Amino acid sequence: MERIVKLASENGILIFSKSTCCLCYAVQILFKELRVQPRIVEIDTIPDGLEIEKALKRLGSSGPLPSVFIGGKLVGSTNEVMSLHLSGNLVQLLRQHAV
Amino acid sequence: MMNSTSTQFVPSRRMGIYEPIHQMSMWGDFKGNNCLDASTPMILEVDPKLDNQSEDTSHGTVGHSNKYDQEASKPPDKVLRRLAQNREAARKSRLRKKAYVQQLESSKLRLIQLEQELGRARQQGMYTGSALDASPLSYAGSMNPGIATFELEYGHWVEEQDRQLADLRNALQSTETGDVELRIFVDGGLRHYCDLFKMKATAAKTDVFYLMSGMWKTSGERFFFWIGGFRPSELLKVLLPHLEPLTEQQRLDLGNLAQSCQQAEDALSQGMDRLHQILGAAIAKQLGEGNYLPQVGAAIEKLDDLARFVGQADHLRQETLQQISRILTTRQAARGLLALGEYFQRLRALSSLWSSRPRESS
């Protein structure tokens with residue numbers, strides 16, 4: 001959990017994903033299109049990935065990956081990202097916290 | 001029903017030309033269906049277009065030279081009676097012809113309907129493996145009950161959609177309909193789309209490939225398919241011309257929405273491409289050994305991802321609809337919903353009209 005908080009605070013835009021998860025890939029593509037570069041943590045490639053996944057669930061992430069943090073706060077999964085984008089608020093939020 | 005008669009849809013102009021023999025074969029059959037009184041002999045004899053002078057031929061009277069001689073040689077009341085009978089026969093003939101044409105028209109409509117159902121049943125043929133009237137739920141074996149339920153519910157959904165659109169059209173055309181009433185229509189319409197997305201989510205758990213194939217939709221709709229349904233960006237393009245007049249702010253907001261929508265779609269499309277590759281690779285691993293269970297087992301895990309994609313695409317559709325309705329006034333949103341509904345109705349009609357068109361035999 002501390003790991004998550006640390007990572008979230010260190011990176012303006014953070015995505016927890018899995019290398020095999022194609023929805024995570026779709027979100028990354030979207031961010032790339034919006035010209036931001038998120039920090040991507042693929043939890044299936046790091047040692048304590050499983051713990052991170054459990055901790056993310058406890059945080060109330062809407063379930064499966066990707067888990068997106070912007071400005072240190074949990075935004076949510078693909079649903080939340082898409083809703084934000086369609087309402088026009090995502091770009092603004094990203095610009096505020098982009099490196 | 002109409003098997004015994006010609007199924008060519010002859011233009012009425014041709015029908016006006018009286019050909020007695022042709023009449024008998026067409027209208028004779030038809031007469032049997034409709035229990036009109038028996039006056040066929042009169043049809044053959046009488047042609048209202050001709051003068052009365054020639055009508056006596058079949059009655060075999062002795063030599064007649066001209067019209068006035070005829071009338072002079074016969075008692076007047078016989079002539080009058082003959083004239084009345086002619087008129088009566090001609091009238092009945094016209095009535096029969098009219099009824100026949102009407103039956104042709106309704107048969108044509110019924111034919112189009114049947115073609116539509118047949119098309120739908122063929123699509124379902126994968127599941128029911130049988131013809132038009134088999135109830136999917138009565139089938140055991142390879143039948144997938146979750147999908148059968150979905151198809152049934154979808155049929156009802158379309159019927160309800162048609163009803164709502166008809167009501168909405170009436171409401172918009174009436175000058176008395178206020179915004180409060182229109183709001184109810186708009187909210188109801190949006191909710192109806194949400195119901196469809198919920199149905200699809202349930203069906204995806206049963207068979208996601210089925211949802212991806214779009215087999216529950218008409219072939220015309222499938223042409224425009226994108227991840228289990230319509231393209232959200234396409235939605236905006238269809239609606240935009242029908243929402244005018246728009247304020248500058250609305251135009252701006254809709255433009256931004258269109259761009260965001262397109263970006264989201266592109267991202268999902270690329271994610272789907274990657275899923276294609278991964279799934280294909282998983283299935284193609286280590287071919288030639290005969291045993292397929294490990295590879296297929298690994299591929300099945302990927303199907304969860306596929307179901308998520310369909311869900312995400314539906315979510316995009318739903319969000320797009322919600323955003324559009326937020327940007328527009330109630331009346332604009334009502335017009336938009338009507339336009340959208342009619343667009344899909346036309347797509348649905350497209351396939352059946354195409355398949356029911358008269359074909360030239362080469």
Side-chain angles (χ1 to χ4, degrees), chain A residues 13-45 49-50 53 56-57 61-68 70 75-96 98, chain B residues 197 201 208 227 232-233 235-236 249-250 252-282 298-299 301-327:
Chain A
I13 307 170
L14 172 67
I15 305 180
F16 287 102
S17 110
K18 261 188 192 161
S19 58
T20 53
C21 168
C22 296
L23 259 183
C24 304
Y25 179 73
V27 171
Q28 290 171 37
I29 294 283
L30 179 63
F31 280 27
K32 195 160 114 185
E33 172 69 25
L34 300 178
R35 302 200 207 296
V36 294
Q37 267 156 339
R39 168 82 189 275
I40 298 165
V41 176
E42 287 180 348
I43 65 172
D44 55 337
T45 60
L50 208 54
E53 197 171 357
L56 281 171
K57 286 214 177 79
S61 163
S62 63
L65 298 168
S67 238
V68 179
I70 302 179
V75 166
S77 187
T78 328
N79 269 7
E80 287 76 28
V81 171
M82 293 297 180
S83 298
L84 262 180
H85 189 42
L86 286 189
S87 65
N89 298 320
L90 181 66
V91 175
Q92 215 177 346
L93 196 59
L94 287 173
R95 295 277 152 78
Q96 280 172 13
Chain B
F197 299 140
V208 68
I227 311 187
S233 58
L235 195 79
L236 278 160
Q249 185 61 48
Q250 283 179 325
L252 189 66
D253 289 340
L254 286 173
N256 288 337
L257 180 62
Q259 190 185 34
S260 308
C261 200
Q262 189 65 59
Q263 287 165 335
E265 253 178 57
D266 289 343
L268 284 183
S269 291
Q270 292 188 53
M272 269 297 291
D273 287 344
R274 187 146 185 272
L275 185 57
H276 256 129
Q277 284 170 19
I278 292 183
L279 192 54
E301 281 173 26
K302 291 275 135 243
L303 294 186
D304 277 336
D305 252 15
L306 188 56
R308 287 187 67 201
F309 263 97
V310 177
Q312 207 56 62
D314 276 348
H315 178 257
L316 197 63
R317 290 172 187 116
Q318 191 168 318
E319 279 299 304
T320 306
L321 285 170
Q322 298 283 356
Q323 283 298 327
I324 293 178
S325 98
R326 263 178 228 139
I327 294 172

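Each chain gets a letter, A, B and so on, in the order the sequences are listed, and its residues count up from 1. Model, not experiment: these values are computed from the prediction. Heavy atoms only: backbone and side chains are in, while hydrogens, waters and symmetry mates are out.
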Side chain to side chain contact (heavy atoms under 4.5 Å, CB included) between B:Gln322 and A:Ser83: does it pass, once the steps are laid out? CA-CA 10 Å; B:Gln322 298 283 356; A:Ser83 298; over 6 Å; no
Evaluate the criterion side chain to side chain contact (heavy atoms under 4.5 Å, CB included) for residue pair B:Thr320 and A:Leu86; output intermediate values, then yes/no. CA-CA 7 Å; B:Thr320 306; A:Leu86 286 189; 3.7 Å; yes
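- A:Ile29 is not listed as a side-chain neighbour of B:Leu268, based on a closest heavy-atom distance of 4.5 Å or more.
- By the 4.5 Å heavy-atom criterion applied to side chains, A:Ser77 and B:Arg308 are counted as neighbours.
- Using a 4.5 Å cut-off between heavy atoms, A:Leu90 does not touch chain B at all.
- Distance check, rounded to the nearest 0.5 Å: CE of A:Met82 to CD of B:Gln312 gives 5.5 Å.
- Across all non-hydrogen atoms, the minimal contact from A:Tyr25 to B:Gln270 is CE2-O, 3.8 Å.
- Rounded to the nearest 0.5 Å, atoms CD1 (B:Ile278) and SG (A:Cys22) are 4.0 Å apart.
- The closest side-chain heavy-atom distance from B:Gln323 to A:Ser87 is below 4.5 Å.
- With a 4.5 angstrom heavy-atom cutoff, B:Asn256 does not touch chain A via any of its atoms.
- Counting heavy atoms from C-beta outward, A:Glu33 and B:Asp266 have side chains that stay 4.5 Å or more apart.
- Proximity to chain B is absent for every atom of A:Cys24, based on heavy atoms less than 4.5 angstrom apart.
- Distance check, rounded to the nearest 0.5 Å: CD of B:Gln259 to NE2 of A:His85 gives 7.0 Å.
- A distance of 8.0 Å separates CD of B:Glu319 from CG of A:Asn79, quoted to the nearest 0.5 Å.
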